[in-house]
2 protein chains.
Amino acid sequence: METKAATTLFESLSSGWRLEAFRLLVRQGPEGMVAGDIAAALDLPPSGLSFHLKALSHAGLVTVEQEGRFQRYRANLSLMRDLIAYLTEECCAGHPERCLDLATAPPLAVCPPPEKTRA
Amino acid sequence: METKAATTLFESLSSGWRLEAFRLLVRQGPEGMVAGDIAAALDLPPSGLSFHLKALSHAGLVTVEQEGRFQRYRANLSLMRDLIAYLTEECCAGHPERCLDLATAPPLAVCPPPEKTRA
DNA sequence: AAAAGATTTCAACAAGGCTTGAAATGATCC
DNA sequence: GGATCATTTCAAGCCTTGTTGAAATCTTTT
């Protein structure tokens, strides 16, 4: 991922409405959610929601699919994974030992704790 | 990390100058860099750099330490780790199987493959 | 084809961010 | 103390973003 793409993603997530909408879609999983329901859940006027969803979809963080007269939105988890990868790389560039600190930290401790690299 | 804090961090990283400055500081490691050198490296007028560094330090992504008549800036990697943790959690909320995809992806594959997901 | 529903687009305005250069601050050196 | 250097602050102007409500678009229903 290039720097430009990263800033676009960060910009997308820098709005409270957009971050909330994305989190909501992540929680909904593959089922996604139609625009009206998102607007209701967020208590945001439809035109306002549309504005923010457009930004998210332009950045690629959400996908849209027409479903009858509804628009179904889904979170694009693979792009989010790419973003996490980018951040992880930026965090330890030239300093591998920092990566290890990262790997042993709680949030990423989905794998058993290494025996040696205790910080 | 709360949503509000996350949006502040995303906003900090949504500017090309700020993301570049942060990446530069990450690459510099614990040594950090003084303001003048950052400005020179980024080819950005001093007052402009100061504006962006202020945003980064306000968000907590960088720290400042006075050193003689210089200001030495350093990247705050632990906050970045927290941000990565936040994103990772948001990505798999209610969908643990997505977390595993995440954990086995290249950037996070610093630890041996899990046999059973520990909480 | 008309009506009703879901969503987007548009225009207008308010508000905040970015850039630039000059002035101010704070620290060192002589 | 005065000069010099590094950096920040300030103000002005510009540009972009966010909000709102009304109108437009597109789809289904009857």
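Chain identifiers are assigned alphabetically (A, B, ...) following the order of the sequence lines, protein sequences preceding nucleic acid strands; residue numbering begins at 1 within each chain.
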*Taking all non-hydrogen atoms of both residues, which atom of A:Leu19 and which atom of B:Ala6 are closest, and how far apart?*
CD2-CB, 3.9 Å
*Could you run through nucleotides 25-30 of chain D and give me one letter per nucleotide, 5' to 3': B if any protein heavy atom sits under 4.0 Å from the base, S if only the sugar-phosphate is that close, - if neither?*
--SS--
*Write out all pairs satisfying side chain to side chain donor-acceptor pair (under 3.5 Å) with one or both partners inside residues 1-10 of chain A, taking only residues at least two apart or from two chains.*
A:Thr3-B:Glu20, A:Thr3-B:Arg23
*Can you tell me if the side-chain N/O atoms of B:His52 get under 4.0 Å from OP1 or OP2 in C:dG17?*
no
*Measuring from B:Phe22:CZ to A:Glu90:CD, what's the distance to the nearest 0.5 Å?*
8.5 Å
*Please give, in whole Å, the distance from C:dT28 C1' to B:Gln71 CD?*
14 Å
*Examine A:Leu61 and A:Leu24 and state if one hydrophobic cluster contains both, with Ile, Leu, Val, Met, Phe, Trp and Tyr joined whenever side-chain heavy atoms are less than 4.5 Å apart.*
yes
_Close residues, residues 33-40 of chain A, relative to DNA chain C [heavy-atom separation under 4.0 Å]_ = A:Val34, A:Ala35, A:Gly36
*Using a heavy-atom distance cut-off of less than 4.0 Å, which residues of residues 5-19 of chain A contact DNA chain D?*
A:Trp17, A:Arg18
*A:Leu53 CG - C:dT8 P separation (whole Å)*: 7 Å
*side chain to side chain donor-acceptor pair (under 3.5 Å): which pairs involve residues 69-80 of chain B, sequence neighbours left out?*
B:Glu65-B:Arg74, B:Glu67-B:Arg72, B:Asn76-B:Ser78
Extract all donor-acceptor atom pairs below 3.5 Å that involve side chains of residues 49-60 of chain A and protein atoms in other chains or at least two apart in sequence.
| unit_1 | atom_1 | unit_2 | atom_2 | d |
| --- | --- | --- | --- | --- |
| A:His52 | ND1 | A:Arg18 | NH1 | 3.1 |
| A:Ser57 | OG | A:Leu53 | O | 3.4 |
| A:Ser57 | OG | A:Lys54 | O | 3.2 |

*Going through the checks in order, is the side chain to side chain contact (heavy atoms under 4.5 Å, CB included) test met by A:Leu13 and A:Leu83?*
CA-CA 11 Å; A:Leu13 297 170; A:Leu83 180 60; 4.0 Å; yes
*Heavy-atom check, side chain of B:Ile84 versus side chain of B:Arg81, under 4.5 Å*: no
*If you round to the nearest 0.5 Å, how far is CG of B:Leu79 from OG1 of B:Thr63?*
11.0 Å
*Rounded off to whole Å, could you give me the NZ-to-C1' distance for the B:Lys54 and D:dT8 pair?*
8 Å
_In whole Å, I'd like the distance from the CG atom of B:Leu56 to the P atom of D:dT8._
12 Å
*May I ask you to test the A:Asp82-A:Leu9 pair for a side-chain heavy-atom distance under 4.5 Å?*
no
*How many angstroms lie between OG in B:Ser15 and CZ in A:Phe10, if you round to the nearest 0.5 Å?*
11.5 Å
Under 3.5 Å donor-acceptor pairs involving side-chain atoms of residues 34-48 of chain A, not counting sequence neighbours:
none

*Using a heavy-atom distance cut-off of less than 4.0 Å, which residues of residues 41-51 of chain A contact DNA chain D?*
A:Pro45, A:Ser47, A:Gly48, A:Phe51
_With rounding to the nearest 0.5 angstrom, report the OG1 to CE distance, A:Thr88 to B:Met80._
9.5 Å
*asked:* Tell me whether the side-chain N/O atoms of A:Tyr73 come closer than 4.0 Å to OP1 or OP2 in C:dA6.
replied: no
